[in-house]
Amino acid sequence: RRYLRIVGLCLACGFCSLLYAFSQLAVSLEEGAGGGRPQAAAASWLAGGGRGAGNAGRPGRCKDFSLCYWNPYWMLPSDVCGMNCFWEAALRYSLKAQPVEKMHLAVVACGERLEETVTMLKSALIFSIKPLQFHIFAEDQLHDSFKDRLDSWSFLQRFHYTLYPITFPSDSAVEWRKLFKPCASQRLFLPLILKEVDSLLYVDTDILFLRPVDDIWSLLKKFNSTQIAAMAPEHEEPRIGWYNRFARHPYYGKTGVNSGVMLMNMTRMRGAHFKNDMTTAQLQWGDLLMPLLKKYKLNITWGDQDLLNIMFFHNPEKLFVFPCQWNYRPDHCIYGSNCQGAEEEGVFVLHGNRGVYHDDKQPAFRAVYEALRNCSFEDDNVHSLLKPLELELQRTVHTYCGKIYKIFIKQLTKSIKRYGTAPKGR
């Protein structure tokens, strides 16, 4: 009986200790989450690096949680939250197994492209959900301006950026700089420069995102085992196509592809071997670029885009082609609408090539650009941009693109509605 009483007493003490521990945990959860769900409180704490969760009105309450490894709940010092220990133990493995994915976006800016590039980056940030890492390749004189503009967005806490100089192989830098436009061919070397980046979305400076970057990023999961990159066709209508009428070199498919929006699995690109018409041996990405330029430099018009078309002409199995609404350009409406996907679902990514954001040739494109350029990140500002934009677009109906102006706001309307429910503190 004596032993039974001792065992019973130990069990009772253990049970009481357990109740006390979970009561303290419940209090911490209530205070930390403001009456919300425990998962929300845990996420808030974890997002803060495990410190300061539920600290409102209690300075220093959760200074450290390292003692959680060695102390049971009822022996924790006063400056350690029981919630911290519990969620640290419960979620440590799942966090390691499922880290938050970061999307990598690259752009190359030279000359008078600062404002255009900043507007593109803003459009990427406004609607996107996952964190973004910007890789900005720019001329040295633009670095300080980029830094000033992007640092003013630091309150968003949902992006990081790195500035890079324009860099070409030293033995052929002059040739690459002269190709098409200054700096344009920099994109060809991204897999070789950003060696630690697995996947990357490259866009031209004149791109505007009308839906979250997350959506185009998700297309990476649709690649089959041989595909390394994704682009949209250069034209939908062969009768107005450029490559099929004027090109003096091989090109992909019926009308070629446009490289203004290029999604890349760069790990695969670095490891792939490419068939070519210069040697029977298959060459890797870095070994293929210069021989390709030497052979075709007198025959190409659009520089690096032409070289990409030649590459994928010989290796079509390596390219994923996404529809025209992911790279919508004036060519899709200048002579009448010829992008069926945009007619049905709206424009996803707008590409204002040929300088149409800055002249009066395509006022519908310019209206969208100016609306996003003048928009700030405040909720009211984002939600209020739609009506003035629609009124401005209605003034463009004298143009072919303006006649179908609703395609410019169809997807944007959905993105703005989603913006109101997006996570705060972005």
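Only this structure's heavy atoms are used, side chains among them; waters, hydrogens and symmetry mates stay out. Just so you know, residue 1 is the first one in the sequence shown, and it goes up from there. From a predicted model like this one, the values you see are computed outputs, not experimental measurements.
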Task: Derivation of the side-chain contact (heavy atoms from CB on, under 4.5 Å) call for Asp215 and Phe348 - done: CA-CA 9 Å; Asp215 297 333; Phe348 296 167; over 6 Å; no
TODO: For His235 and Thr255, work out which heavy atoms get closest and say how close.
DONE: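 Smallest heavy-atom distance, with atoms named: O-OG1, 2.8 Å.
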Task: Closest non-hydrogen atom pair between Trp176 and Leu289, with its separation - done: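 Here Trp176 and Leu289 meet closest at CH2-O, 3.7 Å.
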Is [X] salt-bridged to [Y], going by a charged N under 4.0 Å from an acidic O?
{"X": "Arg354", "Y": "Asp359", "result": "no"}
{"X": "Lys275", "Y": "Glu317", "result": "yes"}
{"X": "Arg149", "Y": "Glu115", "result": "yes"}

Open item on the list: Can you confirm if the NZ or CZ of Lys222 lies within 45° of the ring axis of Phe320 and under 6.0 Å from the centre of its six-membered ring?
Closed with: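 Cation-pi check for Lys222 and Phe320: fails.
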- [ ] Apply side-chain hydrogen bond (donor to acceptor under 3.5 Å, both in side chains) to Gln362 and Thr396, showing your working.
- [x] CA-CA 8 Å; Gln362 295 299 331; Thr396 70; over 6 Å; no
When you measure from the side chain of [X] to the backbone of [Y], do you find a donor-acceptor pair of N or O atoms at a distance under 3.5 Å?
{"X": "Asn258", "Y": "Met231", "answer": "no"}
{"X": "Asn265", "Y": "Arg268", "answer": "yes"}
{"X": "Arg187", "Y": "Ser259", "answer": "yes"}
{"X": "Lys295", "Y": "Asp277", "answer": "yes"}

TODO: Determine, step by step, whether Tyr357 and Tyr369 satisfy the ring-ring contact (aromatic ring centres under 6.0 Å, His included) criterion, reporting the C-alpha distance in whole Å, the side-chain angles of both residues, the deciding distance to 0.1 Å, and the verdict.
DONE: CA-CA 6 Å; Tyr357 294 151; Tyr369 172 76; 4.7 Å; yes
- [ ] Determine, for cysteines Cys324 and Cys339, whether their SG atoms are under 2.5 angstrom apart.
- [x]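 Yes; the two sulfurs sit under 2.5 Å apart.
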Open item on the list: Parallel, tilted or perpendicular: which one describes the rings of Tyr164 and Phe137, with boundaries at 30° and 60°?
Closed with: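 It falls in the parallel class, under 30°.
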Open item on the list: What's the separation between atom CE in Met266 and atom CD1 in Ile193, rounded to the nearest 0.5 Å?
Closed with: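 These two atoms lie 9.5 Å from each other.
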- [ ] Indicate, with yes or no, if the rings of Tyr243 and Tyr251 have centres closer together than 6.0 Å.
- [x]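 Tyr243 vs Tyr251: aromatic centres under 6.0 Å.
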Task: Ring centres under 6.0 angstrom apart (Phe159, Phe134) - done: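 Yes.
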Open item on the list: Testing the 3.5 Å rule here: is there a donor-acceptor pair between the side chains of His314 and Asn276?
Closed with: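 There is no such pair (donor and acceptor under 3.5 Å, judged by atom type) between the side chains of His314 and Asn276.
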